[in-house]
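Quick one: the structure is below, questions incoming.
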Amino acid sequence: MSVAIAVAETPLVRFLLGRADDALILGHRLSEWTGHAPILEEELALANMGLDLIGQARALYAMAAEAEGAAHDEDDYAYLRDEGQFRNLLIVERPRGDFADTMLRQALYAIYAEMFWQATSRSTHRELAGFAAKAAKEMAYHVRHAGAWVMRLGGGTVESHARAQAALERLAPYLDEMFDGEDPSLAAIAPDVPALRKDWDSAARTLLGEAGLTLPDVPYPQRGGRVGRHGETLGHLLAMFQHLHRSHPGATW
Amino acid sequence: MSEEKTPLWEVFIRARQGLSHRHVGSVHAADATLALQAARDVYTRRGEGLSIWVVPSAAITASDPADKDELFEPTASKIYRHPTFYDIPDDVGHM
């Protein structure tokens with residue numbers, strides 16, 4: 001028996017779900033640090049960033065539901081879609097790894113997301129534009145916090161530098177996908193995503209340069225998240241994440 | 001994390017314009033920038049602040065509790081120092 005919902009994906013619904021899924025999955029990855037962070041202060045910082053993202057996901061799912069008009073709600077999208085229906089970027093589903101993996105990803109993704117939401121604040125979709133202005137501020141703090149750690153890990157001890165560089169190399173194949181363009185019919189609603197690349201390159205290379213880290217060349221970038229081709233890691237995440245809701249449909253407390 | 005690598009910082013938060021910074025607690029952090037971010041993440045999660053100060057705990061010189069008799073006892077009998085003999089107009093606000 002399949003309990004998954006069928007989503008009527010217009011380009012707008014797909015766009016909103018993609019951005020919501022990015023936030024939900026990355027927020028979940030950050031939440032995995034709860035109880036495992038190196039110090040109490042950082043545990044709260046990671047949980048705070050995770051909650052920013054999960055809050056963003058909720059607002060975006062609500063907009064997707066309105067666009068779809070099929071009486072689905074945020075829980076339906078989060079818990080009752082199968083792996084192939086998730087539209088998130090591959091970079092956000094990568095395992096949390098060690099502290100360097102988490103902070104490198106958070107910094108490089110947040111630099112992108114801040115630019116993306118700033119550009120989206122000029123969208124003709126008024127609700128989305130208003131949301132984007134708030135999301136850009138949240139992501140600016142993620143840039144500041146994760147960026148501070150990237151500098152300290154890259155320029156810290158021999159071991160922290162080696163781990164940060166190794167994390168960057170694991171992450172590099174998933175960066176290109178962030179700059180894939182949205183459906184041309186959304187030109188007034190979604191920003192010109194490929195055009196963000198130049199500013200992102202400049203900001204990311206400045207940060208990595210200050211941290212003494214080198215972005216490797218990637219002969220074969222990975223993509224496919226936006227059309228539901230995910231790595232095996234997303235299935236494991238969803239099994240954990242969706243298990244309770246699917247075992248007890250409609251349960252509340 | 002060792003005390004040497006992540007020393008203690010005292011955190012002061014100003015809740016509103018016109019109020020002074022108040023001590024709210026402490027955090028461990030490797031340096032001033034991270035201490036400020038840790039203070040933000042630990043102590044302003046519910047919209048408590050407009051401004052944060054962090055100060056290395058080691059920079060604070062504290063009075064010795066054993067000295068309290070000679071430091072504080074002499075003021076107990078000098079009630080004329082308390083400004084309780086006149087009314088402060090409401091418009092003055094926080095003094």
Side-chain angles (χ1 to χ4, degrees), chain A residues 27 30-31 33-56 98-100 102-104 106-107 110-111 114 134 137-161 163-164 206-207 210-211, chain B residues 1-68 93-94:
Chain A
L30 290 171
S31 80
W33 279 99
T34 307
H36 301 280
I39 51 173
L40 174 70
E41 288 81 349
E42 209 44 48
E43 175 135 332
L44 275 162
L46 289 161
N48 285 351
M49 292 195 292
L51 286 167
D52 285 343
L53 289 164
I54 289 166
Q56 291 176 15
D98 63 18
F99 194 65
T102 286
M103 284 303 171
L104 258 301
Q106 200 64 30
I111 291 171
E114 184 188 1
K134 175 170 170 284
K137 282 184 205 152
E138 289 176 338
M139 297 320 293
Y141 185 75
H142 296 204
V143 172
R144 175 191 291 237
H145 186 73
W149 273 110
V150 166
M151 280 198 275
R152 283 157 181 76
L153 293 172
T157 63
V158 172
E159 185 181 357
S160 76
H161 176 85
R163 283 188 176 218
T206 300
L207 172 65
E210 283 176 31
Chain B
M1 285 260 164
S2 68
E3 191 71 19
E4 184 191 348
K5 291 200 175 109
T6 57
L8 200 60
W9 302 72
E10 299 303 322
V11 180
F12 299 82
I13 300 223
R14 192 181 71 204
R16 291 204 313 271
Q17 299 291 1
L19 296 183
S20 53
H21 286 71
R22 290 188 63 169
H23 184 241
V24 294
S26 53
V27 293
H28 283 277
D31 56 46
T33 303
L34 290 178
L36 204 56
Q37 292 182 14
R40 179 263 189 191
D41 282 316
V42 175
Y43 291 110
T44 68
R45 303 178 82 225
R46 297 173 187 87
E48 292 94 332
L50 284 179
S51 167
I52 306 173
W53 290 347
V54 288
V55 179
S57 303
I60 292 177
T61 306
S63 62
D64 185 341
D67 293 340
K68 74 177 167 53
H94 300 288

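Just so it is clear: chains get the letters A, B, ... in the order the sequence lines come, proteins before strands, and each one is counted from 1. Source: prediction; values computed, not measured. The basis for the numbers below is simple: all heavy atoms, side chains too, and nothing from hydrogens, waters or symmetry mates.
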(Q) Taking side chain as everything from C-beta outward and backbone as N, CA, C, O, which of these in Arg144(A) sits under 4.5 Å from a heavy atom of chain B? Side chain, backbone, both or neither. (A)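 Backbone plus side chain of Arg144(A), per the 4.5 Å heavy-atom cut-off to chain B.
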If you measure from CD on Glu41(A) to CG on Leu34(B), what distance do you get to the nearest 0.5 Å?
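Going from the CD atom of Glu41(A) to the CG atom of Leu34(B) covers 10.5 Å.
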Between OH on residue Tyr141(A) and CG on residue Asp41(B), distance to nearest 0.5 Å: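 That separation rounds to 4.0 Å.
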### Gap between atom CG of Asn48(A) and atom CZ of Arg45(B) - 0.5 Å precision
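Nearest 0.5 Å value for the CZ-CG distance: 4.5 Å.
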Check against side-chain contact (heavy atoms from CB on, under 4.5 Å), Tyr43(B) and Leu44(A)
CA-CA 10 Å; Tyr43(B) 291 110; Leu44(A) 275 162; over 6 Å; no
Check each atom of Leu51(A) against the heavy atoms of chain B and say whether the ones under 4.5 Å are side chain, backbone, both or neither.
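Just the side chain, heavy atoms under 4.5 Å.
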